[in-house]
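Notes to accompany the following structure.
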2 protein chains.
Amino acid sequence: MSLKLDTNGSAIDNADSSLLVRRETTTLRHQATDILRKAIIDQRFPPGKHLVERELCELLGVSRTSVREALRHLESEHLIRMVPHKGPVVATLSATEARNIYEVRAALEGLAGELFATHATDEQIRELVRISKDLTNKVRSGEFDSVLEIKSQFYDVVFAGAQNDMLARMIHSLNTRVWLLRRMSLMSPDRSKKMIMEVKDIIKAARARDPQSMKDACIRHVKSASEVVLPKIDELEQDSA
Amino acid sequence: MSLKLDTNGSAIDNADSSLLVRRETTTLRHQATDILRKAIIDQRFPPGKHLVERELCELLGVSRTSVREALRHLESEHLIRMVPHKGPVVATLSATEARNIYEVRAALEGLAGELFATHATDEQIRELVRISKDLTNKVRSGEFDSVLEIKSQFYDVVFAGAQNDMLARMIHSLNTRVWLLRRMSLMSPDRSKKMIMEVKDIIKAARARDPQSMKDACIRHVKSASEVVLPKIDELEQDSA
DNA sequence: GATTATAATATTGTAATACAATCTTGCAAA
DNA sequence: TTTGCAAGATTGTATTACAATATTATAATC
């Protein structure tokens, strides 16, 4: 496993028009946080795995100070759990938690949709349409790997149009925790087809600028995804018991 | 200012029936986090104040290690903002952010209400009724200081009945950030009266176990609070500009 | 005097080391 | 087999150190 990060934060790309100094914000602990987060999301550290600080130090090539502060951050994202005097454990996701998260996501994404239909610019609506077409193509051609990424773009536009950063951050943090469930759900081809239909409903409501329908469509979309995913995680939990 | 914390974590209260070992979970950094959080919420560190790590060390009587890890935690709660190479700054709350938070709160507390009406036990409903009466009394007798505390109890019961920890945690973290706005809002006597009415609506819906009305009542309650508070923070922002 | 260059200072970011508290494990004794 | 204890591992915390960066004060130049 090589998770090493570059100690000299490079990247002095100042090609854009702004004359602002490209302030080097990437601290080591920040890089460490990102790398560890990615490792957890990609399941290189499987749920339940007991992490050892010293091993992480070697793995990342940074000191314990930085590792510990990174762990503190991941703890607040609920990606790891700190057991006193035992150390960090990669968070597991119980069926109950997954259910809870999808309940909250439905409410929040419903709100996001409602706000988008209310505040979005025409350009943002067009952008959403464009992405949804892209999504359809990728599903048709079977490129399921890129579907999740495009889906993220889709939501980024929704959040931008909704004009509520707090909301965007909260949904994002929820999604981080159910990332693998989402991947699981989008991989199944029949789910993909249904997903496309639901996105079409969302687009329709967006073009009509109808907050209520947009909200409903977004909620239906999350609920529909949860109906695919939750039974699966229920099974998994049964198996391990 | 004395914010010192006790280094020897004391507290071996094992009077309850459980035979489980009362595991000593209070690490120094945890205590430090709590104390700093409280100091910020109580405005002993006013918004925008530049905190200096070494001063915090002396203030709390712990090492920089612990202080920094505590800061990492508060950063993720958005109570402080880390400026690279300048250090932690107590977070300020813009009018826009406040508006965003109240939007999200409305959605989340609406969900909490809906879930409570669906899942709560009869005992929990009775408990809610009891607390709301307590609340009415305190408002009548003008004890506004304790109103906010009882209101917290009220919500704790709602969350317990809603059976969604994730939801509870998210609302709680939002409330932390708008704590002073809430205090501001509840202090005004006429707001209190309206608040009592709204709580009565919530109670009514809870007893009827009507998810939809409970949801609506909870949303109305948050919206109503925001209508009192948001103009005030708008003024504040105008003044400082 | 105003502006710029330079130095001094303060603070954060990171590392390395140390040690006590605690947990885990394995082994010996009953 | 169970109990007790020692050894090892790991975290929690403190201390010290130093480089990188930001701020402030001072001197130099126009």
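Everything numeric here is computed off the predicted structure, so don't read it as measured data. Protein chains get the first letters and strands the later ones, always in sequence-line order, with residue 1 at the start of each.
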For [X] and [N], give me the distance from atom [atom1] to atom [atom2], rounded to whole Å.
X: B:Glu53; N: D:dT13; atom1: CD; atom2: C1'; answer: 16 Å
X: B:His85; N: D:dT21; atom1: NE2; atom2: C1'; answer: 5 Å
X: B:Leu51; N: D:dA22; atom1: CG; atom2: P; answer: 19 Å
X: B:Leu60; N: D:dA14; atom1: CG; atom2: C1'; answer: 15 Å
X: A:Arg64; N: D:dA17; atom1: CZ; atom2: P; answer: 20 Å
X: A:Leu28; N: D:dT21; atom1: CG; atom2: P; answer: 12 Å
X: A:His50; N: D:dA9; atom1: NE2; atom2: P; answer: 14 Å

### Message
What I want to find out is whether A:Arg72 reaches A:Glu69 closely enough, with some N-O distance under 4.0 Å, to be called a salt bridge.
### Response
no
### Query
With a 4.0 Å cut-off, would you call B:Arg99 and B:Asp234 a salt bridge?
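Counted as a salt bridge, because a side-chain N and a carboxylate O are separated by less than 4.0 Å.
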### Task
Identify, with sequence neighbours excluded, every residue that meets side-chain contact (heavy atoms from CB on, under 4.5 Å) alongside A:Ala120.
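Here the qualifying residues are A:Phe116, A:Gln124, A:Ile125.
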### Task
Indicate yes or no for a side-chain donor-acceptor contact from A:Asn164 to the backbone of A:Met166 under 3.5 Å, with no hydrogens or angles considered.
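Yes.
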### Message
Holding to side chain to side chain donor-acceptor pair (under 3.5 Å), I want the full list of residues that pass it with A:Lys223, two or more places apart in sequence or in another chain.
### Response
none
### Query
Among the nucleotides C:dT12, D:dT13, C:dA15, which one has an atom lying closest to any side-chain atom of B:Thr65?
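Nearest nucleotide to the side chain: D:dT13.
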### Query
Using a cut-off of 4.0 Å on non-hydrogen atoms, how would the nucleic acid contact of A:Arg29 be classed: base, sugar-phosphate, or nothing?
sugar-phosphate
### Task
Please work out which residues in residues 68-82 of chain B have a non-hydrogen atom less than 4.0 Å from an atom of DNA chain D and list them by number.
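None - not one residue of the stretch has a heavy atom sitting under 4.0 Å from the strand.
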Check the phosphate of [N] against [X], side-chain N and O only, distance under 4.0 Å to OP1 or OP2. Yes or no?
X: B:Ser66; N: D:dA14; answer: yes
X: B:Arg54; N: C:dT11; answer: yes
X: B:Lys86; N: D:dT23; answer: yes

### Query
Does some side-chain heavy atom of B:Glu237 sit less than 4.5 Å from a side-chain heavy atom of B:Ser94?
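Sidechains of B:Glu237 and B:Ser94: in contact.
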### Message
Let's test your reading of the model: under 3.5 Å, does the base of C:dA16 pair with the side chain of A:Ser63 as donor and acceptor?
### Response
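Under the 3.5 Å cut-off, the side chain and the base do not form any donor-acceptor pair.
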### Task
Considering non-hydrogen atoms only, spot the tightest contact between A:Leu115 and B:Glu103 and give its length.
CD1-OE1, 3.3 Å
